[in-house]
Amino acid sequence: MSFSSFNPPVRTLMGPGPSDVHPRVLAAMSRPTIGHLDPTFVGMMDEIKAMLQYAFQTQNALTLPISAPGSAGMETCFVNLVEPGDKVVVCVNGVFGLRMKENVLRCGGTAIVVEDKWGEPVDPAKLEATLANHPDAKIVAFVQAETSTGAQSDARALAEVARRFNCLTIVDAVTSLGGSPLRVDEWGLDAVYSGSQKCLSCAPGLSPLTLSERAVQRIKERKSPVASWFLDLNLVMGYWGSGKRAYHHTAPINALYGLHEALVLLGEEELENSWARHHKHHLALRAGLEAMGLKFYVRDSARLPQLNAIMVPEGINEEELRRRLLEEYNLEIGAGLGALAGKIVRIGLMGYGSNVKNVLYCLAALEEVLAAMRMPVDKGAAERAAHQALA
Ligand SMILES: *Cc1c(COP(=O)(O)O)cnc(C)c1O
């Protein structure tokens, strides 16, 4: 047999994730594999838990990474907290809200949907009106940073409404963690999950998760066993909890080395500085895109700094645009999802990838490709605008 090694091209990742992985994270992942019950490894697990508490801004004891991507974090929350027959209010303003609804149905729950237009944040007043009509609802679920549209919702305000109606909250923070403000304890969020490959500068495959005492209590009071064996937090905690560690599944050792290093990097930079960096580079990219004549899909006050949804200009084929950026510039940006396919492109500035170099490279490449596709662009204007915004 003559199979050969796979050598991926070196790309610049500016889509909705995965984002560019920090070289220190890649180096950490290539260190020697040890046993998942090795005392040294268990010590590293404790450090990961403490650093995740910092990233989430929480004291929650149940804070750990699920051994699978963000979608598994989502599923962990629903499968553990929703029992058959439970009423769950799900806020839908994009693709990931729809997935939350699907999770409720698959857990045998009843989903009450609060709908907002794609590109708009979730409206707390609508949530309040819905809860007033459904006083028996037990959980409110929403996405803080809708990566499919680039809109950001007010997690603090939504959680405050949920609490007044005695509901637990399930919050999708896959794209927000590390990139924009998220304060789990201060805002009173109950079950929050994220992903490693967006604003944490880490490779995909892990889902950081944190649960409040109230949420843990709810799981303990379940009448039926959790339908997923792999994601049953009672069992997962036998391995990740304090005290003697019992085998549940083999942890993804090297992936966890990577997450550990990514969290060390976050600590070195400090969380607030990371939020500020994401914001600063968003403003620079935005100045450049607008100077080029491009329009944002989301209104100014609701924009996510780490994910910029841009309207595809008249007469431009977005598939060709993305293909040329990839082929000619090794630059990946994201397509629109669902109803937004063909209408928007999504430019991510996440984690290690939120830097001046990526902002300027993306603007220069876009300018060249759009000009080649016969869109009139004022060459150099974008770069000048970005520099001005950075100054
Ligand atoms: C990326 C993403 C997910 C899914 O994460 P995967 O790691 O792809 O499974 C869920 N929610 C949001 C908001 C996301 O951006």
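In this text, all values refer to a predicted model and were calculated from it rather than measured experimentally. Start at 1 and go down the list; that is how both ligands and their atoms are numbered.
- Taking 4.0 Å as the cut-off between side-chain N and carboxylate O, K126 and E115 do not count as a salt-bridged pair.
- In the model, D185 has a side-chain atom that pairs as donor or acceptor with a side-chain atom of T58 under 3.5 Å.
- Scanning for ring pair (Phe, Tyr, Trp, His ring centres under 6.0 Å) contacts around Y239 gives H36, with sequence neighbours left out.
- Residue pairs satisfying the side-chain hydrogen bond (donor to acceptor under 3.5 Å, both in side chains) criterion with at least one member in residues 331-347, sequence neighbours excluded, are absent.
- Between Y352 and H22, the ring planes lie tilted relative to each other; the angle falls in the 30° to 60° range.
- Here salt bridge (Lys or Arg N to Asp or Glu O under 4.0 Å) pairs that include residues 376-391, with residues two or more places apart or in two chains, are E368-K379.
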Between the protein and ligand 1, which nitrogen or oxygen pairs come in under 3.5 Å, and how far apart is each?
residue	atom	partner	partner atom	Å
ligand 1	7 (O)	G70	N	2.9
ligand 1	7 (O)	Q197	NE2	2.7
ligand 1	9 (O)	G70	N	3.3
ligand 1	9 (O)	S71	N	2.8
ligand 1	9 (O)	S71	OG	2.5
ligand 1	11 (N)	D172	OD1	3.4
ligand 1	11 (N)	D172	OD2	2.6
ligand 1	15 (O)	T147	OG1	2.4
ligand 1	15 (O)	T175	OG1	3.1
ligand 1	15 (O)	K198	NZ	2.7

